[in-house]
Enquirer: 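Got a structure for you, questions after.
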Amino acid sequence: MRHANPAAAGSLRSTHASQKLCNLPQTRRARVVMQAATEQAVQQQQACSPTQFLRPHLLKLAPYTPIEPFEVLSAKYGRSPQDIVKLDANENPYGPPPEVREALANMPFPHIYPDPETRRLRRALADWND
């Protein structure tokens, strides 16, 4: 039977499918419904990929490669971690100056985040620039 209205034909097909589904045993019916839902979810996921929102040239960039920690480099090259100087991670091989160590040691609340608006620093810079 041909229908002029494709939506009506679709509803007849879905009605027929529903009747067939109702005739199945309950456990089989549950598996069929679950499989259909899974297939639909996969199709929707494939239809809407997060990469479709990125500019094409960004997709061609090489992924980030993390630096290797001292322990890995030590084992890889057979050297002690103290003998390794890494320049690829914006690290200072000498550590902080003694004045910084002293300032950090004298901080009253080193475990609390500092003022996010850096009021004291801005005030000191303003006074220094006046």
Enquirer: Are Leu58 and Phe53 joined in one hydrophobic group, where the rule is that I, L, V, M, F, W and Y side chains link up if heavy atoms are under 4.5 Å apart?
Expert: no
Enquirer: Mind running side-chain contact (heavy atoms from CB on, under 4.5 Å) on Ile84 and Lys86 for me, showing each step along the way?
Expert: CA-CA 6 Å; Ile84 298 173; Lys86 295 182 355 178; 4.0 Å; yes
Enquirer: Quick check: are there more than 12 heavy atoms from other residues, nucleotides or ligands sitting under 6.0 Å from OH of Tyr64?
Expert: yes
Enquirer: Working to the nearest 0.5 angstrom, can you tell me the gap between Ile67 CD1 and Leu87 CG?
Expert: 11.0 Å
Enquirer: Kindly give the heavy-atom pair with the smallest separation between Ser74 and Pro81, and that separation in Å.
Expert: OG-CD, 3.6 Å
Enquirer: side-chain contact (heavy atoms from CB on, under 4.5 Å), that's the test. Do Asp115 and Arg120 meet it? Break it down for me.
Expert: CA-CA 9 Å; Asp115 175 12; Arg120 284 181 42 204; over 6 Å; no
Enquirer: Measuring from atom CZ of Arg101 to atom CG of Asn106, what distance do you get when rounded to the nearest 0.5 angstrom?
Expert: 13.5 Å
Enquirer: Taking Asp83 first and then Arg79, would you say they form a salt bridge - that is, a charged N and a carboxylate O separated by under 4.0 Å?
Expert: no
